[in-house]
Amino acid sequence: GIIHGSSPCGAANSGSQSGLEPQGPRRVGSRLMSHLPKDWRFLRPAWIYALVLSGTSAKASELVEMVFGDLSSRHDVVTSRRRRRLFFAKLLREAGSLPRVSENDFSGPAGLFHFHQLQEPGRSALSLLYFRLFTPEQLADVIGRPEKDLPEILAKARAELAQKLPETT
């Protein structure tokens with residue numbers, strides 16, 4: 001459907017992100033993920049999301065480290081159930097003033113550049129939908145929009161993405 005069970009482009013997500021895996025810092029890599037407590041293993045998708053928002057690996061790492069530091073210092077008041085949603089919402093807020101980068105300056109996988117160029121809130125809704133980390137209600141909460149607006153937001157973002165993607169024959 002529009003909200004569940006599909007990738008941002010509308011195709012079924014096979015679990016393999018072929019070409020969309022970040023070439024990010026090792027400290028956010030899968031080796032570290034296996035050592036993190038289960039409720040913090042969302043940091044890898046958080047780094048990919050930060051890359052989509054910021055456009056550069058360095059800025060993505062800076063955003064994730066800043067938000068991680070802030071939320072981990074509040075560990076006693078942030079339950080694991082809310083931590084992931086707060087983390088992604090804070091990434092979105094912190095990255096809100098960052099300018100889009102040109103394709104030449106984009107330091108992530110080429111397949112993510114078109115997501116970086118999308119307008120908000122569609123960029124975040126579509127990117128976060130891809131990770132399948134949130135229910136529709138939680139996703140709406142992260143992007144700060146009513147849940148009833150999600151289908152329209154996602155449809156507009158998919159249409160914008162389709163216009164940006166090169167045609168394949």
Taking side chain as C-beta onward, heavy atoms only, is [X] less than 4.5 Å from [Y]?
X: I143; Y: L150; value: yes
X: F106; Y: L112; value: yes
X: F87; Y: V64; value: yes
X: L129; Y: R158; value: yes
X: L53; Y: L98; value: no

Distance (rounded to the nearest 0.5 Å) between [X] [atom1] and [Y] [atom2]:
X: E147; Y: D141; atom1: CD; atom2: CG; answer: 10.5 Å
X: I48; Y: L128; atom1: CD1; atom2: CG; answer: 11.5 Å
X: I153; Y: L139; atom1: CD1; atom2: CG; answer: 8.5 Å

Smallest separation among heavy atoms of [X] and [Y], with atom names:
X: V67; Y: E94; answer: CG2-CG, 4.3 Å
X: L133; Y: Q138; answer: O-OE1, 4.1 Å
X: S54; Y: A60; answer: OG-N, 3.4 Å
X: L63; Y: A95; answer: CD1-CB, 3.9 Å
X: F113; Y: V101; answer: CE1-O, 3.5 Å
X: D70; Y: K90; answer: OD2-CE, 2.8 Å

Exercise. Looking just at side-chain N and O atoms, do T56 and S107 make a donor-acceptor pair shorter than 3.5 Å?
Worked result: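 On atom types as modelled, these side chains do not qualify, holding no pair under 3.5 Å.
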
For this session: May I ask you to decide if S124's main-chain N or O and E120's side chain share a donor-acceptor pair within less than 3.5 Å?
Result: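 Side chain of E120 to backbone of S124: a pair is present.
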
Exercise. Would a distance-only check, ignoring hydrogens and angles, find a side-chain to backbone donor-acceptor pair under 3.5 Å from H116 to R100?
Worked result: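 It does not hold such a pair.
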
For this session: Could you tell me which residues satisfy side-chain contact (heavy atoms from CB on, under 4.5 Å) with K164, sequence neighbours excluded, listed by chain and number?
Result: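 K164 satisfies side-chain contact (heavy atoms from CB on, under 4.5 Å) with H114, Q117, L118, E160 only.
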
For this session: Classify the angle between the aromatic ring planes of F88 and Y49 as parallel (below 30°), tilted (30 to 60°) or perpendicular (above 60°).
Result: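 Taking Y49 first and then F88, their aromatic rings sit tilted (interplane angle of 30° to 60°).
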
